[in-house]
Amino acid sequence: MKNLKIGLALGGGAARGLAHIGVLKVLEKYKIPIHIIAGTSMGAFIGGAYAGGMEASRMEEIAINTNKKLLARMFSLAVSFSGLIDGKKIEEFLKVVLEEKNIEELDKRFACVATDILTGEEVIIDKGPLVEAIMASISIPAIFTPVYYRNRFLVDGGIVNPVPVNVAKKMGADIIIAVNVIPPFPSEIKKEKEENNKEENKKSPPNIISILLNTINIFEEEIIKLRLEKDKPNFLIEPDISNIKPREFYKAKEAIEAGEKATERIIADIWEIIERRG
């Protein structure tokens, strides 16, 4: 197994992306070495932290202890011409958690995906400040202000590449484990509608955040299908997180457990291919 490079392709999904921590916990438990990580959006955050040497148990501790009060402060509205949230408080949080490292200094090879909002191009970031790269990859259009990075205005990479298997391949991965945390549509708006309909006379339309997130969910689901048909990973892990809304970060324990369960189911198959090809 000396020269065999194992890569992770971690997808976006906001709070649902916390399931990636559960995936990493199980990979650590069974001592599956990870050499390359490509991440989009929340997958960029979790993947970047892991590439920087943070163990899954530490990520779990941070995620579970991030309460609603802290989340409300980080996601407080700061409406600008380009978005509802300027992202400064989130950037401060990331700098505390991840420190101010450059991608080139990380323990594992890492790259994340963002989208040039003016050209529609996929932008792969594999150099420079880690926090800046993650901020670009997680900046959901219209919700977050775009990140100005190397003469481009960048937003969430999920618009062009929700589960970046092709990026892990380009980085030299021989075996790719992909994690998709985007549940089948319909999700967010349907749930809100069901909740509103519990009381027959109390109906209201979904809020703007739900509309934006669900709009992205719709086209990301289609992009994922097309992308995974073209660039097939060796393993695709899809945790059952359909009962978690994108903004429900306080359900970290539930998301992590879903990631663990989904990974445990295929761990023997992962080891089998590693041993066969190693």
Could you tell me whether a side-chain N or O of His20 sits under 3.5 Å from a main-chain N or O of Gly11, the two making a donor and an acceptor?
yes

Hey, are the side chains of Ile32 and Ile267 touching, using non-hydrogen atoms and a 4.5 Å cut-off?
yes

Would you say Phe110 and Asp126 make side-chain contact, with heavy atoms under 4.5 Å?
no

Side-chain donor or acceptor of Asp174 paired with backbone N/O of Lys5 under 3.5 Å
yes

Any side-chain heavy atom of Asn243 within less than 4.5 Å of one from Glu254?
yes

Under a 3.5 Å distance rule, please check whether Ser137 uses its side chain to pair with a backbone N or O of Ala133 as donor and acceptor.
no

Assess whether a salt bridge exists between Glu264 and Lys29, defined as any Lys/Arg side-chain N lying under 4.0 Å from an Asp/Glu carboxylate O.
yes

When rounded to the nearest 0.5 Å, the distance separating CD1 of Ile64 from CE of Met59 is 13.0 Å

Mind checking whether Pro129 and Glu100 have side chains closer than 4.5 Å, heavy atoms only?
no

Main chain of Val160, side chain of Arg227: is a donor-acceptor contact present, judged purely on distance under 3.5 Å?
yes

Smallest heavy-atom separation, Pro239 atom then Val179 atom, equals CD-CG1, 4.2 Å

Hey, is CD on Glu121 packed in by over 12 heavy atoms from elsewhere, all under 6.0 Å?
yes

I'd like to know if Glu55 and Arg58 make a salt bridge, using a cut-off of under 4.0 Å between side-chain N and carboxylate O.
no

Under the rule for side-chain contact (heavy atoms from CB on, under 4.5 Å), what residues qualify as partners of Phe235, not counting sequence neighbours?
Ile175, Ile177, Ile266, Asp269, Ile270, Ile273

Going by the side-chain hydrogen bond (donor to acceptor under 3.5 Å, both in side chains) test, which pairs reach into residues 228-237, not counting sequence neighbours?
none

Locate the shortest heavy-atom distance separating Lys31 from Pro33; write the atom from each residue and the value.
O-CD, 3.4 Å

So do the side chains of Asn161 and Val167 get within less than 4.5 Å of each other, counting heavy atoms only?
yes

With side-chain contact (heavy atoms from CB on, under 4.5 Å) as the criterion, how do Val123 and Val113 come out once you've worked through the C-alpha distance, each side chain's angles and the decisive distance to 0.1 Å?
CA-CA 6 Å; Val123 178; Val113 179; over 6 Å; no

Using every non-hydrogen atom in the two residues, find where Ile125 and Ala114 come nearest and quote the distance to one decimal.
CD1-CB, 4.4 Å

Nearest atoms (heavy-atom pairs only) where Trp271 meets Tyr30:
NE1-O, 2.9 Å

Could you give the distance from SG (Cys112) to CD1 (Ile37), rounded to the nearest 0.5 Å?
11.5 Å

Checking Asn102 side chain against Glu105 main chain: does a donor-acceptor pair fall under 3.5 Å?
no

The remaining residues in the hydrophobic cluster of Ile182, counting side-chain heavy-atom contacts under 4.5 Å among Ile, Leu, Val, Met, Phe, Trp and Tyr, are Val163, Val165, Ile176, Ile224, Leu228, Leu236

Minimal heavy-atom distance between Gly158 and Ile223, with the atoms involved, is O-CD1, 4.3 Å

Apply the test side-chain contact (heavy atoms from CB on, under 4.5 Å) to residues Ile62 and Phe93: give CA-CA distance (whole Å), side-chain angles for both, the deciding distance (0.1 Å), then the verdict.
CA-CA 11 Å; Ile62 292 168; Phe93 173 77; 4.1 Å; yes

Run the side-chain contact (heavy atoms from CB on, under 4.5 Å) test on Val23 and Ile46 for me, step by step, so that the C-alpha distance in whole Å, both residues' side-chain angles and the decisive distance to 0.1 Å come before the verdict.
CA-CA 11 Å; Val23 173; Ile46 302 295; over 6 Å; no

Is the shortest side-chain heavy-atom distance between Asn65 and Glu61 below 4.5 Å?
yes

Do the charged groups of Glu99 and Lys95 touch, with an N to O distance under 4.0 Å?
no

Under the side-chain contact (heavy atoms from CB on, under 4.5 Å) test, which residues partner Arg109, sequence neighbours left out?
Ile36, Met171

Any heavy-atom pair between the side chains of His35 and Leu4 that's under 4.5 Å?
no

Looking at Gly128, is its backbone amide N or carbonyl O close enough to the side chain of Glu104 to form a donor-acceptor pair, meaning the two atoms are under 3.5 Å apart?
yes

Between the CG atom in Leu8 and the CG atom in Leu27, the distance rounded to the nearest 0.5 Å is 6.0 Å

Is there a side-chain contact (heavy atoms from CB on, under 4.5 Å) between Leu154 and Asp116? Walk through the geometry before answering.
CA-CA 5 Å; Leu154 301 182; Asp116 185 322; 4.2 Å; yes

Should the pair Glu257-Lys261 be classified as a salt bridge under the 4.0 Å nitrogen-to-oxygen rule?
no

To the nearest 0.5 Å, what is the distance between CZ (Arg16) and CG (Asp240)?
11.0 Å

Please test Glu248 against Lys251 for salt bridge (charged side-chain N to carboxylate O under 4.0 Å, His left out), starting from the C-alpha separation and ending with a verdict.
CA-CA 6 Å; Glu248 291 179 330; Lys251 289 188 177 179; 3.1 Å; yes

Does the side chain of Met135 reach to within under 4.5 Å of the side chain of Ile90, using non-hydrogen atoms?
yes

Roughly how far apart are Ile256 CD1 and Leu18 CG, rounded to 0.5 Å?
6.0 Å

Which residues pass the ring pair (Phe, Tyr, Trp, His ring centres under 6.0 Å) test with Phe153, sequence neighbours left out?
Tyr148

Interatomic spacing from CZ in Arg152 to CD1 in Ile117 - rounded to 0.5 Å
12.5 Å

Decide, yes or no, whether a salt bridge links Glu260 with Lys25 under the criterion of side-chain N to carboxylate O below 4.0 Å.
yes

Do you know the tightest heavy-atom contact between Thr115 and Gly157?
OG1-CA, 3.6 Å

According to side-chain hydrogen bond (donor to acceptor under 3.5 Å, both in side chains), does anything in residues 37-54 pair up with another residue at least two apart or in another chain? List the pairs.
Glu28-Tyr50, Ser41-Asp156

